[in-house]
Protein chains: 2
Amino acid sequence: MTDLDISEVARRTGVPPSTLRYYEEKGLIASTGRRGLRRQYDPAVLERLALIALGRTAGFSLDEIATMFAPDGQPRIDRQMLAGKADELDRTIRDLSVLRDSLRHAAACPAPSHMECPTFRRLLLDAASGVIAVPRNRKRAPQRS
Amino acid sequence: MTDLDISEVARRTGVPPSTLRYYEEKGLIASTGRRGLRRQYDPAVLERLALIALGRTAGFSLDEIATMFAPDGQPRIDRQMLAGKADELDRTIRDLSVLRDSLRHAAACPAPSHMECPTFRRLLLDAASGVIAVPRNRKRAPQRS
DNA sequence: ACTTGACCTCAAGTCGGCTTGAAGTAGCAC
DNA sequence: GTGCTACTTCAAGCCGACTTGAGGTCAAGT
């Protein structure tokens, strides 16, 4: 009976009620029941929402996240897939590190055009090899703050 | 006259012609001219596309990318903004590292439910503090391969 | 008992990032 | 000079992830 009201979950996570309902509809979270009409949630849903937010930041779709962590909170036993996603993340992290370094450099470097700055170009070219065999069907990661 | 035909750019980057036209329309890239109807591009566009792909992976919108790196290839002189984006990336990278570790652990840990595994929970809770003050208006990062 | 207000459902709308389709055209091969 | 084909434009469509709005419901307070 320590369950949380949907509005409480929204307040504590910053995830709007409409999104919580949407996630429930998608099977990403489950409510423990209703009080009157109102959805009640097990406090564990807070961790689950953190996990979902994390996954979204990583660029995974809601569907992917759903397949990684089943609705009952038991993460999937497909260890191979999980390891694969981890590898994927390793590559993404490498790329983002390059971009971060490039931005940092661009913010500091006095060269008139960064494309003419050897440091910048080298950073970029390092990344390019990985990145330039490109996207299909992925959108942006969710924003913090 | 070493310019590249749009199809050549598409072939070498994996970015479809439709997307190249779209990026041009948005002012993210510029063609050097036409041969007949066909757009021609300076080879530098390849680096620029790498940069764009990188930015998309990082979760930046096309508009943000446009403001970071002006259409002529001169990166913006707003060093403060660039540094800010770099900081943003630092946080994202930290979060992704946690998720990667969590996935890696989940793939290895024999616990029946990972939510009951202390290691997993600790990783998650570390992340939660950062992540759980949540998203607005960001979509997913572009996918590699 | 009744008002209030926060929740509910369900359908439709929005937004970013592209893709698709119809209809047109320029360069090259013959 | 006639095809062929790969490009062109422009408008419309699509997908994921939500949000919004209309109209309904319930329990808690007076």
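Hydrogens, waters and symmetry mates are skipped; everything else that's a heavy atom, side chains included, is used. In what follows, chains carry the letters A, B, and so on, assigned in the order in which the sequence lines appear, proteins first and then strands, with residues in each chain numbered from 1.
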* Asked: What residues form a salt bridge (Lys or Arg N to Asp or Glu O under 4.0 Å) with R21(B), not counting sequence neighbours?
  -> none

Report, one pair per line, the protein and nucleotides 28-30 of chain C atoms (nitrogen or oxygen only) whose separation is under 3.5 Å.
none

* Asked: Which letter, B, S or -, goes with each nucleotide of nucleotides 1-6 of chain C from 5' to 3', with contact meaning a protein heavy atom under 4.0 Å?
  -> -----B

Could you go through nucleotides 9-11 of chain C and list every protein N or O atom that sits under 3.5 Å from one of its N or O atoms, giving the distance for each pair?
residue	atom	partner	partner atom	Å
dT9(C)	OP1	R34(A)	NH2	3.0
dT9(C)	OP1	R39(A)	NH2	3.3
dT9(C)	OP2	R39(A)	NH1	3.0
dT9(C)	OP2	R39(A)	NH2	2.7

* Partner set under salt bridge (Lys or Arg N to Asp or Glu O under 4.0 Å) for R11(A), not counting sequence neighbours -> E8(A)

* **Test side-chain hydrogen bond (donor to acceptor under 3.5 Å, both in side chains) applied to Y22(A) - qualifying residues, sequence neighbours left out** => none

* dA17(D) OP1/OP2 closer than 4.0 Å to side-chain N/O of Y23(A) -> no

* Check whether any side-chain heavy atom of R12(B) lies under 4.5 Å from a side-chain heavy atom of L46(B), and answer yes or no. => yes

* side-chain hydrogen bond (donor to acceptor under 3.5 Å, both in side chains) with T32(A): which residues, sequence neighbours excluded? -> D3(A)

* Which listed nucleotide (dA17(D), dC8(C), dG17(C)) is nearest to the side chain of K26(A)? -> dA17(D)

* Structure fact -> Across all chains, not counting sequence neighbours, the side-chain hydrogen bond (donor to acceptor under 3.5 Å, both in side chains) partners of S31(A) are E24(A)

* To do: Go through I93(B) and R100(A) one step at a time and tell me if the side chain to side chain contact (heavy atoms under 4.5 Å, CB included) criterion holds.
  => CA-CA 9 Å; I93(B) 288 169; R100(A) 177 203 49 198; 3.9 Å; yes

* **Under 4.0 angstrom between Y22(B) side-chain N/O and dG16(C) OP1 or OP2** => no

* Is R34(B) reaching over with its side chain to a backbone N or O of Q40(B), donor-acceptor style, under 3.5 angstrom? -> no

* Structure fact -> For R104(A), the salt bridge (Lys or Arg N to Asp or Glu O under 4.0 Å) test, sequence neighbours excluded, returns D87(B), D90(B)

* Proximity to the side chain of S18(B) - top-ranked nucleotide from dT19(C), dG17(C), dC7(D) -> dT19(C)

* Student check: side-chain heavy atoms of K26(A) and D63(A) closer than 4.5 Å -> yes

* If you pin G36(B) and D63(B) to their nearest nucleotides in DNA chain C, which one's is more 5'? -> D63(B)

* T19(A) side chain N/O closer than 4.0 Å to the phosphate oxygens (OP1, OP2) of dA17(D)? -> no

* To do: Measure the distance from CG on L49(A) to P on dC18(D) and round it to the nearest whole Å.
  => 11 Å

* **side-chain hydrogen bond (donor to acceptor under 3.5 Å, both in side chains) involving S7(B) - partner list, sequence neighbours excluded** => D5(B)

* Whole-Å distance between dG16(D) P and R56(B) CZ? -> 15 Å

